[in-house]
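To find a chain, count down the sequence lines: A is the first, B the second, and so on, and within it residues start at 1.
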Protein chains: 2
Amino acid sequence: MAKPLRADAERSVRAILEAAEQVLSHDSGASMEQIGDAAGVARTTVHRRFANRQTLIDALAISAIQQLAEAIEEGRPDTAPPLVALYRVTANVLKTKNAWKFTLGNPTSDTSAAASIWERINTRCMELLTRAQREGLLDAAADLEWTRQVYYALMSEALQRPTPGSEAAETDARAELVVDTLLYGAGRRTQ
Amino acid sequence: MAKPLRADAERSVRAILEAAEQVLSHDSGASMEQIGDAAGVARTTVHRRFANRQTLIDALAISAIQQLAEAIEEGRPDTAPPLVALYRVTANVLKTKNAWKFTLGNPTSDTSAAASIWERINTRCMELLTRAQREGLLDAAADLEWTRQVYYALMSEALQRPTPGSEAAETDARAELVVDTLLYGAGRRTQ
DNA sequence: ATGAATTGCAACAGCTATGTTCCAGTTAGT
DNA sequence: ACTAACTGGAACATAGCTGTTGCAATTCAT
């Protein structure tokens, strides 16, 4: 159906998507022209590739969430030991979410295919948490829905911290912070 | 300077502010007319009371943050024992934040007087956390800036949970959940 | 090198929100 | 009861964004 785009056009599409992510993360109501400018492309070209503003945002959402899903799978959430999986998944998600701060930060009205991927991600996460609970990593009385919600929130918050160090090292440090906080909180540790 | 408004006008102002809060929490780009409709007031009246859209939003921010500051002070954060203060402050903040979900949920560009109040609130929070740490409620190694960030996030998340029970009881339940999670996380409890 | 695809630019139409003004009718304060 | 303030409604001007079209110039594929 869809003819393969010329190298030209494909570059434009990528540039537009990345620019849209950047611009919209600052101002979710930014105009198509602002996005085009940021992409180094005329506004008409944006409209040529994405008929509607909505179409663009949908494409953005799908692109972002697919990358997120891949990042999660790379953490082997269902084969590695829970704690290891948790660390790996967290680090991977942090890396991806950092690049897609807008799209993944705002709870978009996912009427499109993005919604199904979201559901799968949520299910995946719950499976991991359930396993962690069974193996004693999480408290038996923990509310897993709430735990998942907190887990997501902690990752979002960790990304808003100033990043003094290098790139990769900082991601690991953040992952450790998130997992540590999720498991033990800020209260006094029993030694 | 500012002449006292007639009872009429004052009612309108309040109605507009409350309606704006409601409408904007659903759609941050809602029009002045939508706000006017929700307030049971003509669009022109909205413009009479708030010259700009920005003026309205600023007023909203100030109104909300003042209520938040008051709610915090009512928790006696610097006289009550840390744990008690933490519970009370949390419950009060949850109640207020629930009524001002939009304004307090979005990190507005606070160029106005709201910024100074925010700073004071943050300072107040840090004082409480510092005291809690000194008295052994928080771990000596805890990063208090991060703890505060997590604390705020937990409150926001708690408000997004479905509220099955009554009004007041639910607020207390949420406060307990927040404090408990902040202190101990979801990990296995040592008995 | 040749044709097809792509792009920038300019122009256009349509829509929506904003902000203002005017005026007649209502409401509050004294 | 009288005045001043307030309100709704309509009308108007303005501005900005959206989406479309046409065309000349460029770039890619083969």
**Fill in**
When rounded to whole Å, the CZ to P distance for the pair B:R53 and C:dT18 reads 5 Å
**Request:** Rounded off to whole Å, could you give me the CG-to-P distance for the B:D8 and C:dT26 pair?
**Result:** 14 Å
**Asked** Between A:R88 and A:D172, is there a side-chain N and carboxylate O pair less than 4.0 Å apart?
**Response** no
**Message:** Are more than 12 heavy atoms, taken from residues, nucleotides or ligands other than A:E176, located less than 6.0 Å from that residue's CD atom?
**Reply:** no
**Request:** For B:G29, report the nucleic acid contact type (base, sugar-phosphate, nothing); a contact means any heavy atom under 4.0 Å.
**Result:** nothing
**Item:** Rounded interatomic separation in angstrom, taking CZ from B:R43 and C1' from C:dT21
**Value:** 12 Å
**Prompt:** Among C:dT27, C:dT7, C:dG19, which nucleotide sits nearest the side chain of A:R49?
**Reply:** C:dT7
**Message:** Whether A:K101 and A:E21 form a salt bridge (side-chain N of Lys/Arg under 4.0 Å from carboxylate O of Asp/Glu) is what I want to check.
**Reply:** no
**Item:** Side-chain H-bond candidate by donor/acceptor type, A:N92 with A:Y87, under 3.5 Å
**Value:** no
**Prompt:** Using the C1' atoms of the five pairs at each end, what is the angle between the end axes of the helix from C:dA1-D:dT30 to C:dT30-D:dA1, to 10°?
**Reply:** 50°
**Message:** Is B:N52 close enough to C:dT18 that one of its side-chain N or O atoms is under 4.0 Å from OP1 or OP2 there?
**Reply:** no
**Prompt:** Which listed nucleotide (C:dG19, C:dG29, C:dG8) is nearest to the side chain of A:T45?
**Reply:** C:dG8
**Message:** So for atom CD, which belongs to B:E170, do other residues, nucleotides or ligands contribute more than 12 heavy atoms lying within a distance under 6.0 Å?
**Reply:** yes
**Asked** Between C:dT20 atom C1' and B:F50 atom CZ, what is the distance in whole Å?
**Response** 18 Å
**Message:** Is any side-chain heavy atom of B:L17 closer than 4.5 Å to one of B:F50?
**Reply:** yes
**Asked** If you check the A:T44 side chain, which of C:dT21, C:dC9, C:dT6 turns out closest?
**Response** C:dC9
**Complete:** When B:A7 and B:A30 are each assigned the nearest nucleotide of DNA chain C, the 5'-most assignment goes to B:A30
**Asked** From C:dT18, C:dG8, C:dA4, pick the nucleotide closest to the side chain of A:R6?
**Response** C:dA4
**Message:** Mind checking if B:G36 touches a base, just sugar-phosphate, or nothing, with heavy atoms under 4.0 Å?
**Reply:** nothing
**Message:** Is it the case that C:dG8 (base atoms only) and A:R48 (side chain only) share a donor and an acceptor within less than 3.5 Å, ignoring hydrogens and angles?
**Reply:** yes
**Prompt:** Starting at CG of A:L5 and ending at P of C:dA5, how long is that distance when rounded to a whole Å?
**Reply:** 12 Å
**Test: A:D37 and A:R43 ion pair at under 4.0 Å** = no
**Asked** For the pair made of CD in A:E10 and C1' in C:dT7, what is the distance, rounded to whole Å?
**Response** 16 Å
**Request:** Can you tell me which residue pairs pass the side-chain hydrogen bond (donor to acceptor under 3.5 Å, both in side chains) test with a partner in residues 7-19 of chain A, sequence neighbours excluded?
**Result:** A:R6-A:D8
**Asked** Closest approach of A:I72 and A:P77, non-hydrogen atoms and distance?
**Response** O-CD, 3.5 Å
**Request:** Identify the 5'-most and 3'-most nucleotides of DNA chain D with at least one atom closer than 4.0 Å to a non-hydrogen atom of chain A.
**Result:** D:dC17 to D:dA29
**Message:** If the threshold is 4.0 Å, N to carboxylate O, is there a salt bridge linking B:E73 and B:R124?
**Reply:** yes
